[in-house]
Amino acid sequence: MNLITSEAALRLPNTATDVLFFGVGDSALGKVLLARSAKGVCAILLGGDASELEADLARRLPKAILLANEVMVRDDLAKVARYAEKPSAGLDLTLDIRGTPLQRRIWQQICAIPVGRTMSYMQLARLINNAYPKVAARVVANACAANPIALAVPCHRVIRTDGELAGYRWGIERKRDLIEKEARIEKEALA
């Protein structure tokens, strides 16, 4: 596994390898692993077990050197924890979004869905179709499943055409919780 401690990092040769700092914290949605590069946050992973999240990060970024360093990600982790508790606070993070051009285009469109609103996989596919004519709802669903930046790229706002919740990489209960919290924010804003 490519996880190393901060002390070991001091002995690394000077290379152009991608070095990512990460830390794990607690939130209203369970454990949160946040990883960042020099450019910004490149992963926000949700789960119930820190070691499983670390293994997931290592699988997603096999060529990166992953350094456990809570200090380097503390402020970003705090923002994510506040957002998980109260999405109305917003989530202002500098992102380092990694994916294929099509995935990044889909994620960009998902980021445009306002808090408290949802959009179907099919609606999203139709919006993307101008740039990528063969995009189908399944392609959008696959991009959502591959999203490494939970919450900041709010794939939880994408639902089935019939309004039902479909799979969510981080668990359907987390998706339901996020949608309900954001819907309350929308209602409060309209009141």
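When reading the values below, keep in mind they use all heavy atoms of this one structure, side chains included, and skip hydrogens, waters and symmetry mates. Positions are given from 1 along the sequence.
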Charged N-O contact under 4.0 Å between Lys181 and Asp177 | yes
Which heavy atom in Trp170 sits nearest to a heavy atom in Leu45, and how many Å separate them?
-> CH2-CD2, 3.3 Å
Closest non-hydrogen atoms of Asp96 and Ile149, given as atom of the first, atom of the second and distance, are O-CD1, 4.1 Å
To the nearest 0.5 Å, how far apart are NZ in Lys79 and CZ in Arg74?
-> 13.5 Å
Measuring from Arg104:CZ to Ile97:CD1, what's the distance to the nearest 0.5 Å?
-> 8.5 Å
Min side-chain heavy-atom separation Leu57-Phe22 under 4.5 Å | yes
Answer yes or no: is there an ion pair linking Arg82 with Asp92, defined by an N-O contact shorter than 4.0 Å?
-> no
Residues joined to Ile172 in its hydrophobic cluster, side chain to side chain under 4.5 Å directly or through other members, sorted by chain and number, are Ile159, Leu165, Ile179
Val153 vs Ile44 side-chain heavy atoms within contact, under 4.5 Å = no
Does the side chain of Thr94 reach to within under 4.5 Å of the side chain of Val41, using non-hydrogen atoms?
-> no
Hey, is the main chain of Ala136 close enough, under 3.5 Å, to the side chain of Arg126 for a donor-acceptor pair?
-> no
Is the closest side-chain heavy-atom distance between Glu173 and Tyr168 below 4.5 Å?
-> no
Looking only at heavy atoms, which two atoms of Gln103 and Gly99 are closest? And how far apart?
-> OE1-CA, 3.3 Å
Identify the heavy atoms of Ala28 and Glu85 that sit nearest to each other, and give their distance.
-> CB-OE1, 3.5 Å
Are the charged groups of Asp18 and Lys39 less than 4.0 angstrom apart, N to O?
-> no
Only counting residues at least two apart or in another chain, list the ones meeting side-chain hydrogen bond (donor to acceptor under 3.5 Å, both in side chains) with Asp162.
-> Arg160
Can you list the steps and then say if Val80 with Leu29 is a side chain to side chain contact (heavy atoms under 4.5 Å, CB included)?
-> CA-CA 10 Å; Val80 171; Leu29 299 170; over 6 Å; no
Show your working on side chain to side chain contact (heavy atoms under 4.5 Å, CB included) between Leu124 and Ile106 and close with a plain yes or no.
-> CA-CA 8 Å; Leu124 199 51; Ile106 291 168; 4.3 Å; yes
Specify the closest pair of heavy atoms between Gly167 and Tyr121, including all atoms of both residues, with the distance to one decimal.
-> O-OH, 3.6 Å
Answer whether the closest heavy-atom distance between the side chains of Cys42 and Leu20 falls below 4.5 Å.
-> yes
Checking Glu52 side chain against Asp49 main chain: does a donor-acceptor pair fall under 3.5 Å?
-> no
Kindly indicate whether the side chain of Asp56, heavy atoms from C-beta on, has any atom under 4.5 Å from the side chain of Arg169.
-> yes
Find out whether Leu53 and Val32 are in side-chain contact, i.e. whether some heavy atom of one side chain is under 4.5 Å from a heavy atom of the other.
-> no
Grab the two heavy atoms, one from Ala58 and one from Leu66, that are nearest each other, plus how far apart they are.
-> CA-CD1, 3.7 Å
Under the side-chain hydrogen bond (donor to acceptor under 3.5 Å, both in side chains) test, residues paired with Asp76 that sit two or more places apart | Arg36
Enumerate, atom names and distances included, each donor-acceptor pair closer than 3.5 Å involving a side-chain atom of residues 107-115, sequence neighbours excluded.
residue	atom	partner	partner atom	Å
Trp107	NE1	Ala143	O	2.9
Gln109	OE1	Arg105	NH1	3.4

Mind checking what makes side-chain hydrogen bond (donor to acceptor under 3.5 Å, both in side chains) contact with Asn142, not counting sequence neighbours?
-> none
Looking at NE2 of His156 and CG of Leu46, how far apart are the two atoms once the value is rounded to the nearest 0.5 Å?
-> 10.0 Å
Who pairs with Arg157 by side-chain hydrogen bond (donor to acceptor under 3.5 Å, both in side chains), at least two apart in sequence or on another chain?
-> Tyr83, Glu182
Are Lys31 and Asp26 within salt-bridge range, i.e. N to O under 4.0 Å?
-> yes
Can you find a heavy atom in the side chain of Ser37 that is under 4.5 Å from one in the side chain of Phe21?
-> no
CG (Leu33) and CG (Leu77) are apart, to the nearest 0.5 Å, by 7.5 Å
